[in-house]
Protein chains: 2
Amino acid sequence: MSMHGESEVLLTPAEVASLFRVDPKTVTRWAKAGKLSSIRTLGGHRRYRESEVRALLGAASEPAEGTDKA
Amino acid sequence: MSMHGESEVLLTPAEVASLFRVDPKTVTRWAKAGKLSSIRTLGGHRRYRESEVRALLGAASEPAEGTDKA
DNA sequence: ACACACTCGGGTAATTGGGGAA
DNA sequence: GCTGTCCCAATTACCCGAGTGT
């Protein structure tokens with residue numbers, strides 16, 4: 001066996017949906033809306049980058065950060 | 001130049017499956033469907049071209065990039 | 001030659017995609 | 001505007017036993 005250790009970890013729609021506590025269809029909508037990048041299998045199913053999902057999960061919108069607009 | 005002549009890097013079904021986050025059997029199905037070229041070992045096992053796999057993996061839709069260029 | 005992991009083949013559930021409506 | 005659920009068709013995942021690769 002060879003070890004390259006260079007692959008990007010991809011997540012299935014169900015995985016992402018589970019992480020966000022939403023329906024898999026909703027994750028699909030996010031991908032369609034361009035809010036989330038997706039890689040397609042040769043059969044057309046979507047795979048998502050774990051790193052990107054994690055980043056989005058970590059992006060909290062607490063009332064003490066972001067833009068002080070209003 | 002990046003030609004190795006006939007020394008093309010080949011990947012095993014498990015390798016390709018890992019890259020696409022699918023089951024090795026699914027990769028086999030892609031090969032049967034002609035969506036992916038495969039080379040057979042003398043025993044009948046399939047091997048895949050890394051360059052081809054990489055090219056197919058590059059088909060990712062990104063959210064909104066190239067817009068933040070003020 | 002032995003052992004172990006992987007891949008082969010076929011068949012059957014589960015998931016996903018797309019559209020549309022609540 | 002956003003999400004969850006319905007339909008149906010396609011794709012994918014897991015079951016087995018047997019052969020291959022190192």
Side-chain angles (χ1 to χ4, degrees):
Chain A
M1 309 300 198
S2 2
M3 281 293 296
H4 271 174
E6 159 284 300
S7 317
E8 178 144 14
V9 181
L10 300 178
L11 299 177
T12 63
E15 283 278 328
V16 179
S18 181
L19 288 170
F20 278 98
R21 299 276 297 186
V22 294
D23 197 88
K25 293 291 187 182
T26 301
V27 179
T28 300
R29 291 181 186 277
W30 293 345
K32 285 183 180 176
K35 298 178 180 176
L36 183 63
S37 66
S38 60
I39 295 177
R40 297 275 207 153
T41 67
L42 299 191
H45 285 201
R46 295 184 181 84
R47 296 284 113 101
Y48 305 94
R49 301 178 185 279
E50 186 192 38
S51 56
E52 186 177 353
V53 172
R54 287 242 193 262
L56 291 171
L57 281 169
S61 298
E62 289 293 302
E65 72 135 291
T67 55
D68 45 289
K69 193 30 124 2
Chain B
M1 309 1 202
S2 34
M3 286 300 197
H4 260 211
E6 5 232 295
S7 303
E8 175 69 54
V9 180
L10 299 179
L11 300 176
T12 63
E15 280 279 335
V16 180
S18 181
L19 288 170
F20 277 96
R21 190 53 175 95
V22 294
D23 193 272
K25 285 297 193 58
T26 301
V27 180
T28 300
R29 196 173 297 111
W30 293 344
K32 285 183 181 177
K35 297 177 180 176
L36 184 63
S37 3
S38 60
I39 297 176
R40 295 274 204 156
T41 65
L42 299 185
H45 286 197
R46 296 184 181 82
R47 297 286 116 95
Y48 305 94
R49 301 180 182 282
E50 184 186 37
S51 56
E52 186 177 358
V53 172
R54 290 248 187 250
L56 291 171
L57 272 172
S61 15
E62 312 204 10
E65 63 153 320
T67 319
D68 51 298
K69 191 54 168 301

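Per chain, numbering begins at 1; letters A, B, ... match sequence-line order. Just so you know, these numbers come straight off a predicted model, no measurement behind them.
- One finds no side-chain N or O of A:K25 lying less than 4.0 angstrom from the OP1 or OP2 phosphate oxygen of C:dG20.
- Rounded to the nearest 0.5 angstrom, B:R54 CZ and B:L11 CG are separated by 7.5 Å.
- Between the CZ atom of B:R40 and the P atom of C:dT7 there is a distance of 13 Å, given to the nearest Å.
- Per the geometry, NE2 belonging to A:H45 stands 15 Å off P belonging to D:dA9, to the nearest Å.
- Side-chain heavy atoms closer than 4.5 Å link hydrophobic residues (I, L, V, M, F, W, Y) into clusters, and following such links, even through other members, never connects B:Y48 to B:I39.
- At least one donor-acceptor pair closer than 3.5 Å links the side chain of A:R47 to the backbone N or O of B:R21.
- Note: CZ (A:R47) to P (C:dT16) measures 8 Å, nearest angstrom.
- When distances are taken from the side chain of B:K35 to each of D:dA13, D:dT11, C:dC6, the shortest belongs to D:dT11.
- With rounding to the nearest 0.5 Å, the separation of OG1 in B:T12 from CZ in B:R46 is 13.0 Å.
- Under the Watson-Crick and G-U wobble criteria, each requiring two contacts below 3.5 Å, nucleotide D:dC14 is paired to C:dG11.
- Within 4.0 Å of B:R29, counting heavy atoms only, lies at least one base atom of the nucleic acid.
- In this structure, A:L10 places its CG atom 20 Å from P of C:dT15, rounding to the nearest Å.
- Of the side-chain N and O atoms in A:T26, none sit less than 4.0 angstrom from OP1 or OP2 of D:dT3.
- Evaluation of atom-type donor-acceptor distances gives no pair under 3.5 Å for the side chain of A:K32 against the base of C:dG17.
- Remark: C:dT16 base-pairs with D:dA9. Criterion, Watson-Crick or G-U wobble with two distances under 3.5 Å.
- Nucleotide D:dG4 is matched to nothing when pairs are restricted to Watson-Crick or G-U wobble geometry with both distances under 3.5 angstrom.
- For B:E15 and C:dA5, the CD to C1' distance is 14 Å, given to the nearest whole Å.
- Comparing B:R46 and A:A14 by the nucleotide of DNA chain C whose heavy atom lies nearest to each, the residue mapping closer to the 5' end is B:R46.
- For D:dT12, one of the phosphate oxygens OP1 or OP2 lies less than 4.0 angstrom from a side-chain nitrogen or oxygen of B:W30.
- One interatomic measurement links the two molecules: CG of B:L36 to C1' of D:dT12, which rounds to 16 Å at whole-angstrom precision.
- Phosphate proximity of D:dT12 to A:T41: present, with a side-chain N or O under 4.0 Å from OP1 or OP2.
- Look at D:dT20: its Watson-Crick or wobble partner, with both distances under 3.5 angstrom, is C:dA5.
- B:L36 and B:L10 fall into different hydrophobic clusters, defined by Ile, Leu, Val, Met, Phe, Trp and Tyr side-chain heavy atoms under 4.5 Å apart, directly or through other members.
- Distance from the side chain of B:D23 is smallest to D:dA13 among D:dA13, C:dT15, C:dG18.
- You'll find that the side chain of A:Y48 is closest to C:dG17, out of C:dG17, C:dC8, D:dT11.
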